[in-house]
Amino acid sequence: MTIQATHTFPRNFKWGTATAAHQVEGGATNSDWAAWEKLPGKINDGGSAAVACDWWGGRWREDFDRAAADGQTAHRLGVDWSRIEPSPAAWDEDALDHYRQMVKGLRERGLEPMVTLHHFANPLWLMEKGGWENVAAVGHFERFVRKVVKALGDYVDLWCVFNEINVFAYFSYIDGAWPPGKKNIVAAFKVARHMLSAHAVAYRAIHELQPQARVGIAHHVRPIDPAKPEFALDGWTAKLQYRLFTETIPQALHTGRLLFPIGRLNERLPELAGTFDCFGINYYSRYHSAFDLSQPGTLFGRTFHPPEVEQDHLGLNELYPEGLYRAIKWAAKFKKPILITENGWGDVDESRRTRALLLHLRQLWRTVNFNWPVQAYYYWTLVDNFEWERGWSQRFGLYELDLATQERRPRPAAKLYAEICKANSFSAEMVERYAPELLPAMFPG
Ligand code: IFM
């Protein structure tokens, strides 16, 4: 029997990949991450982003060529604040020009740029002044944002102010695995609170400079389910963790109200309300959570992946594509365009990487068919990059990077993704070629 079923996406749906400055550029010297990765024991595999994908050396050109040749129509990239403003209010015009060339380069290749203004890394001078614990960071950030928007605004009108405030606050101020390596929940709340203010200030500044701009955030959404649904305390802790980790930040920016007392108790922040034009979802996995009195730092919940679920080689992510559907369903309540600003799979198992791509896109396709307003999908990521405390031990690239030679090799998922981007759809025939084991479940003909 010839199988011909096809899952088609809306006309003008954008297909792209996402990257972050520190993870791909190489050669940074002036940021907290550049300093942190030099400290012994901070990076699991001893790696660093000293060279990374060498975008600062110019290899962005060949990678943007690859993205365009693969049928992509959008790219989310970041700018490194520490390069642009190496010391307070001193601007590096060459760095700004470098970024101008990059976003121009994207346009020339038919890729719509989305620029992330803050993606984890901070200038050293900002950290010396107390970083995001100091409310002064809000004003410093606004000055930086204005400079970037003026410099890149000819080519960019889609902005992502912060990447994953929740993840940043957790790893940098609760878990301590990221700079500045603190373990202090009060500091984490303060940081998140200041970043929310900075978001709102940046939102207004961008619109003042560029009235037509679309301004959003990239938010890490992670369903958290009770380990034992019948055990009320597991349900309680899972719900509490979900509200704090996933719901607090977007709710604050949507309504101006804090679900959690991350500022003063019952604080109202009307200036935050309505400060995103589009909502970016970064989705990778879910957690299960079990009540555990010994874990006050994580709201008395021990999060884990049960052994029976399929996971990546490091056991960091569960292969749970339905979570993308749940995330989009949840975000649809904001009644704003939704962008999947990150979704990907970092593994040594290539067949699982390909399978994960198809399974997540199937969930994405379900949501667009409900007319939920998903407008773009940015795969994480184009070429293997520096994965923070994991170094190079978790590789998400469509293209495999040989760090020693800088050679790029397409993985099977790169070829599949290119076919999907070009066709704006995926078909049973593609599934049969790339992951035949999925055919009976995806296309039960
Ligand atoms: O690499 C990160 C990215 O910087 C933020 N979101 C998750 C990705 C994969 O770990």
Side-chain angles (χ1 to χ4, degrees), residues 16-26 28 31-34 36-37 42-45 47-49 52-53 55 63 75-81 114-122 160-172 175 177-179 195 216-223 245-246 249-250 279-287 303 305 311-320 323-324 327 339-348 352-353 356-357 360 377-401 413:
T17 45
T19 53
H22 186 75
Q23 293 178 268
V24 291
E25 288 175 354
S31 71
D32 54 354
W33 263 99
W36 183 257
E37 65 197 35
K42 297 300 184 197
I43 310 301
N44 297 346
D45 66 352
S48 85
C53 310
W55 278 20
D63 287 335
H75 186 78
R76 174 179 167 229
L77 76 168
V79 289
D80 183 337
W81 185 358
M114 176 186 210
V115 169
T116 309
L117 294 158
H118 185 279
H119 194 129
F120 300 157
N122 294 286
C160 170
V161 181
F162 282 103
N163 180 74
E164 299 180 346
I165 293 177
N166 51 356
V167 172
F168 175 77
Y170 177 75
F171 280 107
S172 297
D175 178 87
W178 293 1
M195 285 184 146
I217 53 167
H219 186 58
H220 194 106
V221 181
R222 189 170 279 251
F245 188 74
T246 293
I249 301 288
F279 188 79
I281 294 174
N282 292 0
Y283 174 74
Y284 290 89
S285 181
R286 78 165 152 185
Y287 275 137
T303 49
H305 301 302
Q311 302 169 40
D312 61 38
H313 67 297
L314 295 176
L316 293 174
N317 290 312
E318 173 188 351
L319 180 55
Y320 180 62
L324 179 60
L339 315 173
I340 308 306
T341 34
E342 287 180 28
N343 172 235
W345 189 255
D347 209 326
V348 293
R352 193 155 50 206
R353 190 192 309 275
L357 175 60
H360 282 89
Y377 177 87
Y378 301 83
Y379 189 78
W380 186 271
T381 183
L382 182 54
V383 180
D384 288 342
N385 65 10
F386 174 73
E387 279 293 334
W388 310 111
E389 86 292 352
R390 284 146 284 155
W392 297 89
S393 64
Q394 195 182 25
R395 293 176 172 241
F396 283 86
L398 292 171
Y399 286 83
E400 181 187 353
L401 175 68

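Worth knowing before you read on, the calculation uses all heavy atoms, side chains too, and leaves out hydrogens, waters and symmetry mates. If you read the sequence from its start, that first residue is 1, and numbering goes on from there. Note that ligands are numbered from 1 as they come in the structure, with each ligand's atoms numbered from 1 the same way.
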Looking only at heavy atoms, is any part of [X] under 4.0 Å from ligand 1, and if so is it the side chain, the backbone, or both, or is it neither?
{"X": "Glu387", "answer": "side chain"}
{"X": "Thr381", "answer": "neither"}
{"X": "Gln23", "answer": "side chain"}

Keeping the roles fixed (side chain from [X], backbone from [Y]), state whether a donor-acceptor pair exists under 3.5 Å.
{"X": "Asp80", "Y": "Ala21", "value": "no"}
{"X": "Arg76", "Y": "Trp380", "value": "no"}
{"X": "Thr17", "Y": "Tyr378", "value": "no"}
{"X": "Asn122", "Y": "Asp32", "value": "no"}
{"X": "Asn317", "Y": "Trp345", "value": "no"}

Q. Which protein non-hydrogen atom lies closest to atom 6 (N) of ligand 1, naming both residue and atom, and how far is it?
A.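 Minimum-distance protein heavy atom for atom 6 (N) of ligand 1 reads Glu342 OE1, 2.5 Å.
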Which of the atoms in ligand 1, numbered in the order shown and given with their element, are less than 4.0 Å from a heavy-atom of [X]?
{"X": "Glu164", "answer": "5 (C), 6 (N), 7 (C)"}
{"X": "Phe120", "answer": "4 (O), 5 (C)"}
{"X": "Trp388", "answer": "1 (O), 2 (C), 3 (C), 4 (O)"}
{"X": "Arg390", "answer": "10 (O)"}
{"X": "Asn163", "answer": "5 (C)"}
{"X": "His119", "answer": "3 (C), 4 (O), 5 (C)"}

Q: Consider only side-chain N and O atoms of Thr246 and Arg222, and report whether a donor and an acceptor are under 3.5 Å apart.
A: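 There is no such pair (donor and acceptor under 3.5 Å, judged by atom type) between the side chains of Thr246 and Arg222.
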Q) Quick one: are the ring centres of Phe168 and His118 less than 6.0 Å apart? A)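 So the answer is yes for these two rings.
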